[in-house]
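Report on the following structure.
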Number of protein chains: 2
Amino acid sequence: MTAGTGGARRTTLADVATRAGVDRSVISRVLSGDPRLLIREETRQRVLDAVRDLGYRPNVAARTLRTRRTGTLGLLIPDYANPVYAEIIKGAEAAAAERDCVLLTGSANAATELNSYLDLLGQGRVDGLLLAGELTSRAVLDGLTADGLPWLLVNRTLRGEARHVVLDDERAAALAVEHLVGLGHTEIAHLAGPNGADTARRRNRGYRAAMRAHGLTARLDWTTRGDYTADGGYRAMLEILDARGRPTAVFVANLASAIGALHALRSRGVAAPAQMSVIAVHDLPLAEHLSPALTTVRMPLRELGRRGVELLAEVGPEEAVREVVTGPMQVVPRESTAPPPDLQERM
Amino acid sequence: MTAGTGGARRTTLADVATRAGVDRSVISRVLSGDPRLLIREETRQRVLDAVRDLGYRPNVAARTLRTRRTGTLGLLIPDYANPVYAEIIKGAEAAAAERDCVLLTGSANAATELNSYLDLLGQGRVDGLLLAGELTSRAVLDGLTADGLPWLLVNRTLRGEARHVVLDDERAAALAVEHLVGLGHTEIAHLAGPNGADTARRRNRGYRAAMRAHGLTARLDWTTRGDYTADGGYRAMLEILDARGRPTAVFVANLASAIGALHALRSRGVAAPAQMSVIAVHDLPLAEHLSPALTTVRMPLRELGRRGVELLAEVGPEEAVREVVTGPMQVVPRESTAPPPDLQERM
DNA sequence: CTGAAAGCGCTTACAG
DNA sequence: CTGAAAGCGCTTACAG
């Protein structure tokens, strides 16, 4: 046998039709469950038997060419290494599988990469596109719309666009602040995410709103900006430690930053939680094993991915979608948060 | 405009042909760079202009139906949350893009999931399949072969199969042991990976071979088994600490396990590296920020993904492939390894 | 109840 | 140098 397809010709509808002694169209309609098909039970059995015996599976390309539906949804993320996206992918994949759809995940972390990825996707490779991460521009979205390709922003919004599904980042920030306030903290800093990140802006906004709601001051020099990486979190935590006065707690915008922040505290000899409580957005098994074990806010990321697929599949491409996923969101208390030093002394 | 395709009919070859005033076949041959096409430069320009003006992009389904090539390769991984696979995916994606191929990544962590994923993939969705992780059985591979779908195991081998690309896990283990021996250690334990994992078996084998090569004893009760997670590493490290006598160093089979192992050492009050050196396979930015910063062996994971795609695309499906990727592999020394206590005292 | 036909948009061997 | 034709494997409206 020569290299190449490595096997015999695939079974087609014609093969099944011959075997079952009916027309190809009958097979097709039986398999697609056509409700307008009238067929004798005995014929239907013959068809099903033939399909099973020959191991027939429809040719995807032929079906797509005919129906203009690929049964594939695309998901574009900036970085596979970010566990946040891993969770989103899992939820999206599960939802896609439930609708007999394949999920085609790709990564792009620069505008040029994104464009070449869209080129690669070509015409008619996917029925719709979920766009996570920050690099999507208005121009790209307009291009997709012009191509007739439905899209939906996931975990981000874009000014003037009304096609997105996000988490309640404001509420996550509020939960974190309330946890700290509940422990007695009043001097609470914020290690924020990058300026370009929509989630970072909303967590920052949520932090400020929650501080205000508790009559606390969100000091400007106690809000420093990381970039959602451990390295960035390390640097941003040092900035907070170098500010005039020292907060007793810090709300960190994501888990990777918090790992760097804990490192910065160790390197300056600041004990956590004795001298500084730390709470971060996103819960992962890892958090349990850090030193100290990290208090987190668990976010419904899987649910976010799931809803992305559902909305993309169900809502017409011209309709507005502005959904905030309200899955389980809660503080997971571990060792990194405790009452502030002054309260501890009194105990 | 109604919901649905959300736009006008897509541009087809016929539209371009009309615009350029030539037959459809000419457009097709110009675009595919048919070497047997004789065409006047001026006609070729007209064709190219028409393609550009109309923004023509070939319909993937029609092309696939005709050529039997999808331009898509599949990659099946067990878990998106594992950063090892994130790196493999990145390498594979880059190599696929270079060959104008799309990479369709999917996850399955149980045999039933795998089968339903393959069903979902259907017939003719991908030109070949890369299989990473442990769950692939002989039966699945035979099924793929029967379907005429080329496949390649990535980061694992399977007895009796000769279609795989792997890393040199034995060498990684040897590098780790040599690093420890170079620091003066002779009592070296091994926190292994799960029994089912091919990489774990090879790292274990490499550890034993390297110990032997240095005239050292690999004590059986100093080899404990984790499961490549932080939780498993925590438990397996406790087992080592509970053994008779205590090693001065431990070679950990992967980074997630090492995070748990460091936690176990802290919880027992064993100082690292003063009382116990730790080195683990796989380097990630995270390692720098652990406490202590973790010494690792950096593995060429991206290169592994890249070679997987290259080999799948280039080697005929009937040919044997047994490749060991020889990318950059090196010890990245950080704080978690140091000379053993007895040597330190003498210094 | 079942079959025959058209056509989705390409590519390619062949005709001129 | 360029065009006409066949056919990849489906689905679906229609004919009987």
Side-chain angles (χ1 to χ4, degrees), chain A residues 4-5 8-48 50-51 54-71 122-125 127 147-148, chain B residues 4-5 8-48 50-51 54-71 122-125 127 147-148:
Chain A
T5 62
R9 194 177 62 85
R10 306 273 180 80
T11 303
T12 72
L13 217 40
D15 302 322
V16 185
T18 304
R19 170 109 173 188
V22 298
D23 188 78
R24 297 179 302 165
S25 59
V26 177
I27 316 281
S28 174
R29 296 169 72 193
V30 165
L31 289 182
S32 69
D34 181 348
R36 294 205 303 285
L37 173 66
L38 300 173
I39 191 172
R40 275 191 312 227
E41 185 49 35
E42 134 197 354
T43 314
R44 163 184 235 97
Q45 250 337 306
R46 264 208 332 275
V47 167
L48 261 21
V51 166
L54 297 175
Y56 170 72
R57 284 195 302 202
N59 179 299
V60 174
R63 171 177 284 176
T64 297
L65 181 57
R66 183 60 225 242
T67 63
R68 299 166 166 290
R69 279 204 68 249
T70 63
Q123 187 174 308
R125 176 105 46 187
D127 295 327
D147 280 356
Chain B
T5 62
R9 194 176 63 85
R10 306 273 180 80
T11 303
T12 72
L13 217 40
D15 301 323
V16 185
T18 305
R19 170 108 172 189
V22 298
D23 188 77
R24 296 180 304 166
S25 59
V26 176
I27 316 280
S28 174
R29 295 170 71 192
V30 166
L31 289 183
S32 69
D34 181 349
R36 293 204 305 283
L37 173 67
L38 300 173
I39 190 173
R40 275 191 312 224
E41 184 50 34
E42 137 198 351
T43 313
R44 164 185 235 96
Q45 252 333 309
R46 266 210 328 277
V47 167
L48 261 21
V51 166
L54 296 175
Y56 171 72
R57 285 196 300 203
N59 179 300
V60 174
R63 170 178 284 176
T64 297
L65 181 57
R66 184 57 225 243
T67 62
R68 299 165 165 292
R69 279 203 68 249
T70 64
Q123 187 173 309
R125 176 104 46 185
D127 296 327
D147 281 356

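All values below come from the heavy atoms of this structure, side chains included, with hydrogens, waters and symmetry mates left out. Quick note on labels: first sequence line is chain A, next is B, and so on, each numbered from 1.
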Looking at every strand, decide which applies to [X] at a 4.0 Å heavy-atom threshold: base, sugar-phosphate, or nothing.
X       : result
A:Thr43 : sugar-phosphate
A:Thr12 : sugar-phosphate
A:Ser25 : base
B:Arg36 : sugar-phosphate
A:Ile39 : sugar-phosphate

Could you state the atom-to-atom distance from [atom1] of [X] to [atom2] of [N] in whole Å?
X       : N      : atom1 : atom2 : result
B:Leu31 : C:dT12 : CG    : C1'   : 15 Å
B:Asp34 : D:dT2  : CG    : C1'   : 13 Å
A:Leu38 : D:dC14 : CG    : P     : 17 Å
B:Ile27 : C:dT12 : CD1   : P     : 15 Å
B:Glu42 : D:dT2  : CD    : C1'   : 13 Å
B:Arg46 : D:dG3  : CZ    : P     : 9 Å
A:Asp23 : C:dG3  : CG    : P     : 6 Å
B:Arg29 : C:dC10 : CZ    : P     : 17 Å

Closest approach to the side chain of [X], judged atom by atom: which nucleotide of [options] is it?
X       : options               : answer
A:Arg66 : C:dC10, D:dT2, C:dG7  : C:dG7
B:Leu13 : C:dC10, D:dC10, C:dT2 : C:dC10
A:Leu65 : D:dG9, C:dG3, C:dT11  : D:dG9
B:Arg68 : D:dA4, C:dA6, D:dC8   : D:dC8

Which base, if any, makes a Watson-Crick or G-U wobble pair with D:dA13, both distances under 3.5 Å?
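With both distances under 3.5 Å required, D:dA13 matches none.
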Are any side-chain N or O atoms of A:Arg46 and backbone N or O atoms of A:Ala20, one a donor and one an acceptor, separated by less than 3.5 Å?
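The answer is yes, because a donor-acceptor pair under 3.5 Å joins these two groups.
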For B:Arg69, is there any backbone N or O sitting under 3.5 Å from a side-chain donor or acceptor partner on B:Asp127?
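The answer is no, because no donor-acceptor pair under 3.5 Å joins these two groups.
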Can you tell if the side chain of A:Glu42 reaches within under 4.5 Å of the side chain of A:Gln45, non-hydrogen atoms only?
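The answer is no; the side chains never approach within 4.5 Å.
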Heavy-atom side-chain contact between A:Val51 and A:Ile27 under 4.5 Å
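In short, these two side chains touch, coming nearer than 4.5 Å.
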Would you say a side-chain N or O of A:Arg40 is under 4.0 Å from OP1 or OP2 of C:dC1?
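So the side-chain polar atoms of A:Arg40 never come under 4.0 Å of the phosphate oxygens OP1 or OP2 of C:dC1.
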Report the residue (B:Arg24 or A:Asn59) whose heavy-atom-nearest nucleotide on DNA chain D is the more 5′ of the two.
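Taking each residue's closest nucleotide, the earlier one in sequence belongs to B:Arg24.
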Mapping B:Val22 and B:Ala62 to their closest nucleotides on DNA chain D, which lands nearer the 5' end?
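So the residue in question is B:Val22.
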Pick the P atom in D:dT12 and in C:dC1, then give their distance to the nearest Å.
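Result for the P pair: 22 Å, nearest Å.
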Check: A:Asp34/A:Ser32 side-chain N/O donor and acceptor closer than 3.5 Å
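There is no such pair (donor and acceptor under 3.5 Å, judged by atom type) between the side chains of A:Asp34 and A:Ser32.
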What closest approach, in Å, do A:Arg19 and A:Ala50 show between heavy atoms, and which atom pair accounts for it?
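For A:Arg19 versus A:Ala50, the nearest heavy atoms are CG-CB, 3.5 Å.
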